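Step one of this worksheet: look at the structure below.
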Amino acid sequence: MAEPIDAVVVGSGPAGIAAAVALRRQGLRRVLLLEREDSAGGVPRHCGHPPFGMREFGRVCTGPAYARRLLDLAQQAGVELHLRTTVLALLPDAVLDIVSPAGRDRLQARRVILATGVRETPRSARLVSGDRPLGVINTGALQAFVHLQGLVPFRRPVIVGTELVALSALLTCRTAGIAPVALIESAARPSTYWPCMLLPRLQGIAVHYGTQLLEIRGRQRVESVLLQRADGSQQDIACDGVLFTGCFVPEAALVRASHLALADSTGGPQVDQFGRCSDPRFFAAGNLLRPLETAGWSFREGARIGQAVAADLRGRLPGAQQPLTIECAQGIRYVMPQLLSLPLGPYGLPELQLRVGRATRGLLTVSALGRQIWRQRLRSLPQRRILVPLRQLALPDGASTLRIALSDSSDP
């Protein structure tokens, strides 16, 4: 008879590998890591540029080198890696339906950790009109073409977006000899930190803020795009490709098709500070929880969730029967986790993670039972991580809800 499975981790990116390694280091005997691709490492294996791995490995790595180090870490810890294995369904009692080259199967584990990451929003979901020629792709596809297949999908594309991933795309373009003709952003300022935007300027790439992509033109290949400025004027730019970057959403198709509760604000599963889902045998970690964090952040988060799962299997976590609900007022795009299981302890995530919906300057407050229990002056942009340390929250007895509010600086 096969040895019982202590935990199954779905997804072998930084969060998944860190969670699996943490489980093994906490003494779990059998930990399975499932990956649908034919190699482990997640998104970083596509990113042929630094910086990755400084905090994890004490040196700066390219994405592929970082992915190899992650794989080495998992193998050294004794994690059972199953490649080309796709999870078809999540079922109650930590049961997974899977398919692999060996055929269909059903796995029963004591706990499951979901770490399926994020994906970029494709053209179809952005509602960009025009023709359907070759040469319209996202960053993940570009990096797979260049770094995994040695192919160059275009030579003079227009890049859409200014999130950090757009800069990753620029570095990939430079590696492949691709010369973007423009980078456009619908907002009036970049999504990433403004010093990062020196990169396209140093490469001689025109950056257009307050600019929308209206239409893609071309028969067999992209020939041009039609842009619209904030003042309503339009411009046609010749190019041979369009690269959509960013606008990440959690890769939560399995969760949506399952019995697990979704958090509408993040698009990922609803969890408490341990990453525990509405079915307490399922946990989640990494960018499945919210878009988007770095590889290093996801790695550290995965390790914390792995430690929490090990503690849960030893009966050291508080129950999930009556968690504290966290509500967000207008102006806050999301909070993660959405629940707190009391009492707070040494395991799990140490902070509430927030994002605002627009450029904000004001006062962030947390209240319970109508009383303010935490406050902080805030100046932030939509893509900036905002953290509320849980250990600083003086939670009153009898509270069932936390309310997070944001007052504009002009408010009294």
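Treat the numbers as computed from the prediction; the structure is a model and nothing was measured.
- Taking 4.5 Å as the limit, every side-chain heavy atom of D38 sits out of range of all side-chain heavy atoms of L83.
- If you take CG on L96 and CG on L91, they are separated by 7.5 Å, rounding to the nearest 0.5 Å.
- Between the side chain of E35 and the backbone N or O of E37, at least one donor-acceptor pair lies under 3.5 Å.
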side-chain contact (heavy atoms from CB on, under 4.5 Å) between F57 and L70, intermediate numbers included: CA-CA 9 Å; F57 302 114; L70 292 178; 4.0 Å; yes

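- Evaluated for a side-chain contact (heavy atoms from CB on, under 4.5 Å) with T245, the options V160, V165, L164 yield exactly one hit, V165.
- Taking each heavy atom of P64 and G48 in turn, the nearest pair found is CD-CA, 3.8 Å.
- Residue R300 qualifies as enclosed at atom CZ: its count of foreign heavy atoms under 6.0 Å is above 12.
- Atom CD1 of residue I98 and atom OG1 of residue T85 lie 5.5 Å apart, to the nearest 0.5 angstrom.
- Put simply, CD1 on I326 and OG on S265 are 10.5 Å apart, with the number rounded to the nearest 0.5 Å.
- Atom CZ of R104 sits in a sparse spot, with 12 or fewer heavy atoms from other residues, nucleotides or ligands closer than 6.0 Å.
- Summarising the geometry of L349 relative to L390, their closest heavy-atom pair is O-CD1, 3.3 Å, with the distance given to 0.1 Å.
- When all heavy atoms of L254 and A89 are compared, the closest pair comes out as CD2-N, 4.1 Å.
- Note that the OG1 atom of T365 and the CD atom of Q376 stand 11.0 Å from one another [nearest 0.5 Å].
- One N or O on the side chain of R24 and one on the backbone of A77 form a donor-acceptor pair closer than 3.5 Å.
- For L352 against P337, the heavy-atom pair with the smallest separation is CD2-CD, 4.0 Å.
- More than 12 non-hydrogen atoms from other residues, nucleotides or ligands lie less than 6.0 angstrom from CZ of R221.
- Under the ring-ring contact (aromatic ring centres under 6.0 Å, His included) criterion, F299 pairs with no residue, sequence neighbours left out.
- Annotation for Q149: atom CD counts as buried by contact number, over 12 foreign heavy atoms lying within 6.0 Å.
- To the nearest 0.5 Å, atoms CD (Q383) and OG1 (T192) are separated by 8.5 Å.
- Here the side chain of S278 pairs a donor or acceptor atom with the backbone of A261 at under 3.5 angstrom.
- Formation of a donor-acceptor pair under 3.5 Å by the R290 side chain with backbone atoms of V249 is not found in this model.
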Given side-chain hydrogen bond (donor to acceptor under 3.5 Å, both in side chains), test S168 with H49 step by step and report yes or no. CA-CA 8 Å; S168 176; H49 57 76; 2.7 Å; yes

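- Counting only distance, with no hydrogens or angles, the side chain of T211 and the backbone of Y209 share a donor-acceptor pair below 3.5 Å.
- Panel note: side chain Q203, backbone I205; no donor-acceptor pair is recorded below 3.5 Å.
- Between the Q234 side chain and the L227 main chain, no donor and acceptor come within less than 3.5 Å of each other.
- Separating the CD1 atom in I305 from the CG atom in L114 is a distance of 11.5 Å, to the nearest 0.5 Å.
- When atom types are taken as modelled, the side chain of E80 and the backbone of V31 share no donor-acceptor pair closer than 3.5 angstrom.
- A salt bridge is defined here as a Lys NZ or Arg NE, NH1 or NH2 lying under 4.0 Å from an Asp or Glu carboxylate O, and R385 with E351 fails to meet this definition.
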Chi angles and distances behind the side-chain contact (heavy atoms from CB on, under 4.5 Å) call for L381, R189: CA-CA 10 Å; L381 294 174; R189 59 195 306 170; 3.6 Å; yes

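- A side-chain contact (heavy atoms from CB on, under 4.5 Å) with F154 is found for one member of L134, V222, V136, I137 and no other, namely I137.
- A donor-acceptor distance shorter than 3.5 angstrom exists from the side chain of E301 to the backbone of G286, with no hydrogens or angles considered.
- Side chains of T266 and L289 form no contact here, defined as non-hydrogen atoms less than 4.5 Å apart.
- Listed by chain and residue number, H259 satisfy the ring-ring contact (aromatic ring centres under 6.0 Å, His included) test with F282 (two or more places apart in sequence, or in another chain).
- A 4.5 Å side-chain heavy-atom check between R281 and D93 finds at least one atom pair inside the cut-off.
- Around atom CZ of R375, no more than 12 heavy atoms belonging to other residues, nucleotides or ligands sit under 6.0 Å away.
- Residues L23 and V79 have side chains not in contact (no heavy-atom distance under 4.5 Å, counting atoms from C-beta outward).
- A salt bridge between R110 and D6 is present, with a side-chain N of the basic residue lying under 4.0 Å from a carboxylate O of the acidic one.
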Identify each donor-acceptor pair in which a side-chain atom of residues 236-244 lies under 3.5 Å from a protein atom, sequence neighbours left out, and give them as a table.
unit_1 : atom_1 : unit_2 : atom_2 : d
D236   : OD1    : R217   : NH1    : 2.6
D236   : OD1    : S224   : OG     : 3.4
D236   : OD2    : S224   : OG     : 3.4
D240   : OD1    : R155   : N      : 3.3
D240   : OD1    : R156   : N      : 2.6
D240   : OD2    : R155   : N      : 2.7
D240   : OD2    : R156   : N      : 3.3

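- Formation of a donor-acceptor pair under 3.5 Å by the D231 side chain with backbone atoms of S233 is found in this model.
- Annotation for T401 and E327: closest pair CG2-CD, 3.6 Å, computed over non-hydrogen atoms.
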Does R229 form a side-chain hydrogen bond (donor to acceptor under 3.5 Å, both in side chains) with H208? I'd like the steps, not just the answer. CA-CA 8 Å; R229 314 283 189 185; H208 304 289; 2.9 Å; yes

